[in-house]
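The block underneath contains the structure these notes are about, expressed in structure tokens.
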Protein chains: 2
Amino acid sequence: MEFHQPARFPRGFRCASRNVGIKAEGNDLSLFVSDAPATAAAVFTRNHIVGAPVVVGRELIRAGRLRAVVVNSKVSNVGMGELGIRNARRMGEAAGHELEVPAAEVLMSSTGVIGVPLPIERIEQGIIGMGGALQDDPLVGALGIMTTDTHPKTISCSAGDSTITWVAKGAGMIDANMATMLVYIFTDARFEAVTLDRMLRDAVADSFNMLSVDTDTSTSDTCVLMANGLAGEVGEPEFSAALRSGCIRMTEILARDGEGATKLLRARVTGAKQAAEARIIAKSLINSPLIKTMAFGADPNVGRVLMAVGKCFECSVDAARMGVRINEVDVFSRGERLDFDEVRLRELLAGDPVEISVDLGLGDGSAIAYGCDLTHGYIEENAAYYSS
Amino acid sequence: MEFHQPARFPRGFRCASRNVGIKAEGNDLSLFVSDAPATAAAVFTRNHIVGAPVVVGRELIRAGRLRAVVVNSKVSNVGMGELGIRNARRMGEAAGHELEVPAAEVLMSSTGVIGVPLPIERIEQGIIGMGGALQDDPLVGALGIMTTDTHPKTISCSAGDSTITWVAKGAGMIDANMATMLVYIFTDARFEAVTLDRMLRDAVADSFNMLSVDTDTSTSDTCVLMANGLAGEVGEPEFSAALRSGCIRMTEILARDGEGATKLLRARVTGAKQAAEARIIAKSLINSPLIKTMAFGADPNVGRVLMAVGKCFECSVDAARMGVRINEVDVFSRGERLDFDEVRLRELLAGDPVEISVDLGLGDGSAIAYGCDLTHGYIEENAAYYSS
């Protein structure tokens, strides 16, 4: 899959962002809009405790239609009871009014601190005039939704005559406060909402749902796909493949920008009894603090890989049939550690990405999970979040 | 429960430790022995991939009798195939020969690096003469089994006329390489092996199994209880209560000495639909990197607590019925963040332990889990383990 450099929007999509006074500096509000009516699908966090925008968003998306997305950063609107719900609706209404589209077709997201009221008046005031500032550049929208991200995140690619564009933020499913993962996907391909929903769920299962920076699932994770049909019909297999590739690419971008991360950590599991077990083991590998610190320290450690596979109690694992490779070096086979070139492996581990491949030798289930190394930077960022 | 200061052995138990040349310096081999025959029970790691001593230990413990335990540190004897099994048996035989007890009644443990052959000749040579150096002080044995521990770990208490003594090592279930948790419990109370087994499993369920330093379950975790009966019968309720208290106390000692840890982190969950759900949620709280860094940074963050509870997908959680307290400060109740004295809470969080209490308001299931903060020290210790 080739991605456009720089990313561009599909026909009929535009965006704007500005500072409306929630953050001391930097843009804190973004609008994304389709000039034409669009079908839509979305997936949200599985956390039991969710932000008000997720509650309202689940309701809105049932109609399968969206015209716009409005997003603020810095305050997440989580844990605010009924007030939170009212403020989320007011945010959608303000955006709908400004963009002259029905409020029922505006999805809202908020990302940032929990338990602080959304400064809704600032948002309502600040949004006025943004409709006149809409631009054709997805980077503008990406700027307004950043929290602990070190850079704005956009990619795009072609699928037949259509374009697919991803605008995202987040250092993973990393934090209930700041680093919520938000992903907005726009296309001018034409699909029914039910088809979008199916394609989106399939793509997310292999990409964003296989991403973890620190095992901490946000209360606000949201991934939305809007299709305005301006490019006409596109074959589902072709579109689906492009959607999946872009979601995986964006997953890697998010992982690599995980809080404090210096590199992408990828775990590839094959030969599992079932795909579900491969997913569990791949996630166990990228979530293990000892593997994450190994990737940071570039210190090869076969034992940690064995440990992280073996601790998946609910999966079938047999060391006597297992093989392990770190980057391109085979380190373990059928119950025994292999002799390998430690100096060479140390060099490979110092690079980016670090890839751990485990073949369980039991079946044909496979999965890939995406994460990052665990560094001093993570401790720095998270030991004193409010104070910083 | 009152614990003896310093810890002492029950009647008939002695130990020795020395350097047999596995570590460059410091004792690396310990023997624990009962002068009289003893009944015994043990629990081992649930990791699918286990050290050779665990394979052999599971076999030995079936007879319900032990006379001695031999433990080396620095090399774990994991991932070594058949050679590992042979070496584990040779280690038990060498100890049995030196102590003049049947090899079938000697349990062996190894803790340290994975995938390196056990230097069995050094162990066989070094063990000679240790039978003449046996002492009445459990601290001596604790010294020979340390890895990343910052101090040797022993406690003891009375139960009726009997004494119970714990000798342990480990910075949690933290590592497949170094910080395996090993706990040896000795008593002169008299119990059948089947009773010991039941009491041990009950005690471990609420103590060591609720301990996590970094979610990484070792391939070698072992907890053994030996009872030589020299103090005669002790009431089971009394003994069981003392056993449980001591296991919890040792759990807290291990948690507080977790790699890089500066403090104990305790999560207390009440009001869960079932005890099993309370355990899952309590573990989620102490394992969350964002809560662990919050404890380190002493920066109160209600959102992270909500996130860590809500991400337990398989449990019943309803924010509208939930209450959260951090140390002695109520911070969240029934769907909304409370106004609280942040300065006061910051002071409490700077202390040790940090305790997070969550009442789910749904039933009477409860649990307590034990962990520690996540600090720069953890990264330091684990980013370059072989190199250090």
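Letters go in sequence order (proteins before strands), and every chain restarts at 1.
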How far apart are the closest heavy atoms of A:His48 and B:Phe313, and which atoms are they? NE2-O, 3.3 Å

Pick from B:Ala320, B:Ala319, B:Cys315: which one has the most heavy-atom pairs with chain A under 4.5 Å? B:Cys315

Check against side chain to side chain contact (heavy atoms under 4.5 Å, CB included), B:Val116 and A:Arg337: CA-CA 8 Å; B:Val116 173; A:Arg337 186 181 192 272; 5.6 Å; no

Should we say atom CD of B:Glu82 is surrounded by more than 12 heavy atoms from elsewhere, each under 6.0 Å from it? no

Do A:Ile379 and B:Tyr378 have side chains that get closer than 4.5 Å, going by heavy atoms? no

Report the option among B:Gly84, B:Ala298, B:Ala308, B:Gly310 that has the most heavy-atom pairs separated by less than 4.5 Å from atoms of chain A. B:Gly310

Answer yes or no: are there more than 12 heavy-atom neighbours, outside B:Arg58 itself, under 6.0 Å from its atom CZ? yes

For residues A:Ile114 and B:Val302, determine if any side-chain heavy atom of one lies less than 4.5 Å from a side-chain heavy atom of the other. no

Among the listed options B:His376, B:Glu336, B:Met294, the residue most often paired with chain A at heavy-atom distances under 4.5 Å: B:His376

Using every non-hydrogen atom in the two residues, find where B:Asn47 and A:Met307 come nearest and quote the distance to one decimal. ND2-O, 3.0 Å

Residue from B:Ser288, B:Ser284, B:Pro289 scoring the most non-hydrogen pairs under 4.5 Å with chain A is B:Pro289

Against chain A, label B:Thr45 side chain, backbone, both or neither, depending on which of its atoms sit under 4.5 Å from a heavy atom there. neither

Residue pair A:Asn382 / B:Arg304, side-chain heavy-atom distance below 4.5 Å: yes

